[in-house]
Amino acid sequence: MKVEHIYDKGSGRFNEDTYLIIDDERFAVFDGASPLKPYQDTQGRTGAMIAAALARDAFAVERSSLIEAAREANAQIRKAMHGANIDMSQKKHLWATSAAAVKLHGPKAKPDFADWLQIDDSLLSCLE
């Protein structure tokens, strides 16, 4: 199996996207979604950047399933918004990220099967 990736920054001022590759077995991309009410922390990171990074970090930890990783990502994003005093009753304030993740099972040269998870508009495709 040959694994390749391309990472191309978008046209916006900030790059709110990130990705994860672990041992050619776990792969994920996260596309941070800017809230309608802008937010920046003291380091200049937007809510979308923070959400994408927190999701990436949650998926980087080995878990029982990709769904469990998504649940942990949601919990971490919610915790970060609470810590930043974000009014979570207002949807326009919420931080978010879309995601696509794959976890391969079996030998690296020829995996037996894969788990996959797709959230929002991050698309999964497979080329042979």
Side-chain angles (χ1 to χ4, degrees):
M1 180 175 70
K2 182 179 178 182
V3 175
E4 296 180 340
H5 76 281
I6 297 171
Y7 182 68
D8 189 18
K9 180 187 176 303
S11 59
R13 180 174 169 212
F14 298 107
N15 188 2
E16 297 174 333
D17 305 339
T18 189
Y19 67 95
L20 173 71
I21 300 173
I22 297 180
D23 297 331
D24 290 345
E25 293 176 346
R26 284 187 285 155
F27 310 88
V29 295
F30 306 92
D31 182 359
S34 298
L36 295 176
K37 181 171 183 192
Y39 171 85
Q40 276 192 341
D41 68 8
T42 57
Q43 299 171 342
R45 298 177 305 168
T46 66
M49 291 170 74
I50 295 168
L54 288 170
R56 178 200 59 223
D57 295 348
F59 277 80
V61 175
E62 182 66 35
R63 301 192 188 280
S64 60
S65 70
L66 294 175
I67 292 172
E68 184 60 34
R71 286 184 181 127
E72 180 60 26
N74 281 335
Q76 292 301 317
I77 293 167
R78 183 174 186 77
K79 181 179 175 183
M81 286 190 298
H82 185 268
N85 296 316
I86 301 299
D87 180 0
M88 290 184 271
S89 69
Q90 299 291 315
K91 287 187 178 185
K92 66 182 178 182
H93 297 193
L94 300 180
W95 305 347
T97 186
S98 61
V102 176
K103 181 177 180 180
L104 302 178
H105 299 273
K108 286 185 183 182
K110 190 172 182 181
D112 298 321
F113 67 96
D115 293 329
W116 61 273
L117 175 131
Q118 179 178 329
I119 299 170
D120 202 23
D121 63 353
S122 287
L123 301 178
L124 290 168
S125 64
C126 181
L127 303 174
E128 287 195 42

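Sequential numbering from 1 along the given sequence is applied to the chain's residues.
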Would you name the heavy atoms of E16 and T46 that are closest together and state the gap between them? OE2-OG1, 2.7 Å
Take D57 and Q76 through the test side-chain contact (heavy atoms from CB on, under 4.5 Å) and record every step on the way to the result. CA-CA 9 Å; D57 295 348; Q76 292 301 317; over 6 Å; no
For residues D24 and I21, report the shortest heavy-atom separation together with the two atoms involved. OD1-CG2, 4.1 Å
Where A51 and A96 come nearest, the two heavy atoms and their spacing: CB-O, 3.6 Å
Same cluster for Y19 and L104 if Ile/Leu/Val/Met/Phe/Trp/Tyr side chains link at under 4.5 Å? yes
Hits for side-chain contact (heavy atoms from CB on, under 4.5 Å) against R45, two or more places apart or cross-chain, chain-then-number order -> D41, Q43, M49, I50
List the residues meeting side chain to side chain donor-acceptor pair (under 3.5 Å) with D23, not counting sequence neighbours, and say none if there are none. none
Minimal non-hydrogen separation, A101 against A28, with atom names: CB-CB, 3.8 Å
Quick one: ring-ring contact (aromatic ring centres under 6.0 Å, His included) pairs with a partner in residues 37-64, sequence neighbours left out? F30-F59, Y39-W95
Suppose we screen for side-chain contact (heavy atoms from CB on, under 4.5 Å). Which residues come up paired with K92, at least two apart in sequence or across chains? L36, Q90
I need the minimum non-hydrogen distance between P35 and A48, along with the two atoms involved. CD-N, 4.3 Å
Is the shortest side-chain N to carboxylate O distance from K79 to E72 below 4.0 Å? no
Closest non-hydrogen atoms of G106 and D112, given as atom of the first, atom of the second and distance, are CA-OD2, 3.7 Å
Take atom CD1 of I67 as the centre, draw a 6.0 Å sphere, and report whether it contains more than 12 heavy atoms from other residues, nucleotides or ligands. no
Say you draw a straight line from CE of M81 to CG of D87; how long is it, rounded to the nearest 0.5 Å? 10.5 Å
Using side-chain contact (heavy atoms from CB on, under 4.5 Å) as the criterion, list what pairs up with I22, not counting sequence neighbours. L20, R26, A60
Expected output: side-chain R63 to main-chain A58 donor-acceptor under 3.5 Å: yes
Nearest-0.5 Å distance that lies between atom CZ in R56 and atom OG1 in T97: 10.5 Å
With H105, which residues qualify under ring pair (Phe, Tyr, Trp, His ring centres under 6.0 Å), at least two apart? F113
